[in-house]
Amino acid sequence: MKHRIPWSALSAAVLLTGVAGAAPVDGRQVLTSTCAACHTPGADGKQPRISDIRKTPEGWDMTIARMQVWHGVQISAEERRALVKYLADTQGLAPSETAAFRQGLERRPNVADHPPNDNLAQMCARCHSFARVGLQRRDEGEWRKLVNTHLGQFPSIEYSLYGRDRDWFRIASTETAAELGKLFPLQTEAWTTWHAHAPIDPSGRWRIAGERPGSGRYSGVLTVQKAAAPDTYAARYEIEYADGRTLTGESQALVYTGYEWREQGRLGDDAIRSVYALSEDGNGLSGRWFVKDADERGGELHGTRIVDGRAGIVAVEPPFVRAGDTVEVTVAGFGLAGTPTLPAGVQLVGAAAGGPERLTLKLKVDAGAADGWHPLKLGAAEARLGVYHKIDRVQVEPAYAVARVGGDGGPMPVVPAQFQAIAWLDGADGKPGTDDDVRLGSVPASWRHENHGEAAKDMQDAQFAGRFAEAGLFQPGPAGLNPQRRFHTNNTGDLTVTATVQDGAQTLEGQAQLMVTVQRWNNPPIK
Amino acid sequence: MKKTHALLPAALLAALGGLAGGTDAHAATYLLTAARPNQLVLVNATERKVERTYPIPGDGIPSVVALSPDSCIAYVLTNRWESVSGIDLDTGKEVFRADMSEPGLRVKTMFAMTVSADGKELYVHQIPTRLKATEYQVEPTRIAVYDTAAGLGARPKKTFPAPRSIVQLLPARDGGRVYALGRELFAFDTHTGQLAETLPLQSWKQPNLSAPDVLAVWPQWEQSGVFATPYYAARTDLPADSPEAFRTGLLTLDLKTGAMKATDFEPTAVVIFSSVINPVKHDEAFSVYTQLSKIDLAGGRVAKRIDLEHTYYSINMSADGKEVYVGGALGDIAVYSSDTLEKLATIPLPGGVNMSTASMRVVQR
């Protein structure tokens, strides 16, 4: 497949490598020299196509990669990096414009994509995520040009499912282009306002917390120091998982568009990449970090800048406690002081221990304490504490997952699927699936998989498609035809995944569906 | 355009000897398919052996194979769907080449290509895109008509507009028309380029049935003169989770009479990629994917079905209708009895090279 774009070599790495030592390549100059060879500025100084588009850093990087692979543009890694930075800064998306589609940037696995309607789902999101569409801004005419690019490059669009049943090109270049021009236009007040906003400088200390599915919840401190090149930073992680394991990490970060934090470095033994958004007020951070070349594995992260004289809480561990128990609860935050204000029926036993960034509270939870989430305050800092009597049900997340065979000498590694067992309460009405249900959070579980349905049973999918390797992590089988299988079929499978949770004396189960399928051959930064 | 034996190399004389006699009832069946890296493969299906491979000049993965009516020249789509190479099956030489793209204009063909009944013209459904300095501009699709005698560097002698999404071009047996199968079945007058007739597919009105879904990638009508391809349609009067919610049928087009017929034969039970009509029994068809099915068209039912050892994409039959050949996808052609669907043989391709979506045609001399 000569024309397959090697994203991992060209794109994800290029976006970040060498940030700290970035040579003074001027992105604007690359734009007005290299790019201008074809995109020649008109009388108004605008460069055709380029000036009519806004994109995220990943979006611009994908565009430049295509220019290299499709049209032979000669550009060094440094120039490419500088160009992405310049374009993302000058023609990016405002925080409010990316908010609905951040899962596409964060490479969250097995997240349902939500196109605005069935028509756009079939016209656009049958081949790629709708996030890829929603993370661009163009006017109708420019969306129409993009439709032409699609068909010129991929004539199979008119032959594949939902392409061959309609006059795809006519619909795409008229109705769809017009609809996208209205939904995602080039000029927006959000961008005009944000573009005038000074870039956020994240230097300082951040109290962070999050959860890595399979590894558990964590909290920690992220220390950020300004580096030499503009908008570049050195970052240091110190985190502690709920089970006491600690990790440190160091990384380099680059802030695009005034708020788009991209980072590469190490966390513990893993080489990681991070995609975070700094909040518009500059004091919040949220996103996801993931393992390099295995972006299905990683952790959600949120953080708050530690500001002198302020207080905040980023995590309470455990976040939910059982009525009748006496438990130690750790509060992670900053500026923590004073006597805690606790939910009704919850009492502090003894004194709070620890310092302003970490307090341990021994809490006695009355048997009569009310189920649900309740405020927990420490001075000006506020968080919430969950109380439950018994878990009413376990839901497996994601409810529907895809894993992919790989390896075995092939170019694509296996793509595992990570599950979590989530404890829920049915709420006051005692009925599951109603508005008063309470999602408590992840709980430890044991995992098993079985055939999902008759066809899977017939093909013995469960025997071939893989196995649970560790906490909720399903590891698919090797790629390629399997002569041991009927029809020599790949190690694909349609499986039911079951989590078994022990809650006191009761045993609960939750189930999800897992499709183990074949490799995905094109894995751009925004899928 | 029949060649004399004097022009045939000795090896191929032996290979094609059985066919040269014309009407010998025991003549061997020769299959021509294509495989990676960029080659045609001639298989003596009767003797269960690969007779010869032909390298196709240049780069690419070959897919559609169309034969001249005398089976002397094989036209194959290659070079990322941008070139048609005509290979002389006797000499192995490239005698025709149409590189459809040119500077500033990318021209691709996904699947639709055929030779006229008299062998004088090659019809190719083209998807052109203008490559401008900063944008692509999709141009209207068209049928390009090539003179098969144009040799290397062939250019279309004419083009005429044709709808998008055409998946098959099929020549009327008496000349004069080429059928273009896409969202509808379009019949074009090949002399004037005018659309002569449109037979409904997407616009068909069948009680309680949705429009059919047709992706007719594989041509194999050369023996029966009847093109056949599966279609799938949804029952609009049943809930989507009903076991009867989807129907499979066979769409046939008689290239002699121009009659198109849809024969519903089962609630969708298996995937079918390609189908062939029995050359000696036109109310019988065979279909393939991971199962091989014998379809009774007169009765509108599956007469027999077996699981195959693996998935195959393409299908064809012996001239006497006794053997069914399944190929494509991977690197072997399997032989089955058309009567019992019992497996008779496997013919591995040299090196196990993948045929992928390549056509599998019967060489008829």
Side-chain angles (χ1 to χ4, degrees), chain A residues 1-3 35-42 46-53 63 66-67 70-71 141-142 144-173 454-455 458-459 480-483 485-490, chain B residues 59-61 80-82 101 105-112 125-141 163-167 181-184 201-202 210-217 232-233 269-270 289-291 307-312 329-332 352 354:
Chain A
M1 297 296 282
K2 201 173 175 181
H3 283 194
C35 305
C38 293
H39 299 268
T40 311
K46 287 185 172 175
Q47 291 182 260
R49 307 300 304 280
I50 301 174
S51 300
D52 297 327
I53 298 170
T63 299
R66 292 195 185 102
M67 292 299 114
W70 292 356
H71 300 303
E142 177 50 46
R144 187 172 300 117
K145 288 178 182 177
L146 183 63
V147 168
N148 279 259
T149 306
H150 272 65
L151 210 46
Q153 201 65 31
F154 308 110
S156 56
I157 289 171
E158 290 181 313
Y159 292 85
S160 47
L161 193 64
Y162 300 131
R164 61 178 177 260
D165 63 341
R166 66 196 73 190
D167 192 350
W168 189 91
F169 178 63
R170 185 194 61 75
I171 298 167
S173 54
E454 286 305 309
D458 193 40
M459 286 295 291
L481 300 183
N482 184 350
R485 282 201 89 171
R486 195 167 153 214
F487 308 131
H488 296 188
T489 200
N490 282 260
Chain B
D59 198 14
I61 295 166
R80 296 179 181 80
W81 309 329
E82 291 181 34
S101 294
L105 187 70
R106 175 184 292 167
V107 181
K108 289 182 184 268
T109 293
M110 284 293 295
F111 304 108
H125 181 260
Q126 296 184 326
I127 308 165
T129 306
R130 185 72 55 192
L131 306 178
K132 300 168 81 172
T134 60
E135 64 183 277
Y136 291 64
Q137 199 171 68
V138 171
E139 299 212 334
T141 47
R164 308 195 70 87
S165 304
I166 297 299
V167 72
L181 178 61
R183 290 195 299 278
E184 316 286 358
L201 281 173
Q202 287 293 309
S210 72
D213 184 32
V214 177
L215 183 63
V217 173
Y232 305 90
V270 298
Y289 186 64
T290 308
Q291 285 74 26
D307 283 343
L308 295 170
E309 286 170 16
H310 64 76
T311 297
Y312 295 85
L330 301 176
D332 68 86
N354 281 5

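Proteins come first, then strands; the chains are lettered A, B, ... in the order of their sequence lines, and each starts at number 1.
For chain A, the nearby part of B:Q291 is the side chain; its heavy atoms alone come within less than 4.5 Å. Within the 4.5 angstrom heavy-atom criterion, only side-chain atoms of A:R49, from C-beta onward, approach chain B. Neither the backbone nor the side chain of A:L146 has a heavy atom closer than 4.5 Å to any heavy atom of chain B. Looking at B:S165, both its backbone and its side chain come within 4.5 Å of chain A, counting heavy atoms on both sides. When heavy atoms are compared at a cutoff of 4.5 Å, A:R166 approaches chain B solely by way of its backbone atoms N, CA, C and O. At a 4.5 Å heavy-atom cutoff, the contact between A:S156 and chain B is made by backbone and side-chain atoms alike. At a 4.5 Å heavy-atom cutoff, the contact between A:L481 and chain B is made by side-chain atoms alone.
When each of B:L308, B:D307, B:V214 is scored by its heavy-atom pairs under 4.5 Å with chain A, the top score falls to B:D307. Chain A forms more heavy-atom pairs under 4.5 Å with one residue of B:E309, B:E135, B:H310, B:R183 than with any other, namely B:R183. Of all the listed residues (A:P155, A:A37, A:S173), the one sharing the greatest number of non-hydrogen pairs under 4.5 Å with chain B is A:P155. With chain A as the partner, the residue from B:T311, B:L201, B:V167 showing the most heavy-atom pairs under 4.5 Å is B:V167.
By the 30° and 60° cut-offs, the orientation of the rings of B:Y136 relative to A:H71 is tilted.
The number of heavy-atom neighbours closer than 6.0 Å to OH of B:Y232, taken from other residues, nucleotides and ligands shown, is above 12.
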Run the side-chain contact (heavy atoms from CB on, under 4.5 Å) test on A:W168 and B:R164 for me, step by step, so that the C-alpha distance in whole Å, both residues' side-chain angles and the decisive distance to 0.1 Å come before the verdict. CA-CA 9 Å; A:W168 189 91; B:R164 308 195 70 87; over 6 Å; no
Please step through side-chain contact (heavy atoms from CB on, under 4.5 Å) for the pair B:H125 and B:M110, ending with a clear verdict. CA-CA 8 Å; B:H125 181 260; B:M110 284 293 295; over 6 Å; no
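In this structure the side chain of B:T129 never reaches within 4.5 angstrom of the side chain of A:Q153, judged on heavy atoms.
Considering all non-hydrogen atoms of both residues, A:H39 and A:Q47 come closest at O-NE2, 3.0 Å.
The backbone N or O of B:E82 sits nowhere less than 3.5 Å from a side-chain atom of B:R106 that would complete a donor-acceptor pair.
A:K145 has no carboxylate O lying under 4.0 Å from a charged side-chain N of A:D52, or vice versa, which leaves the two without a salt bridge.
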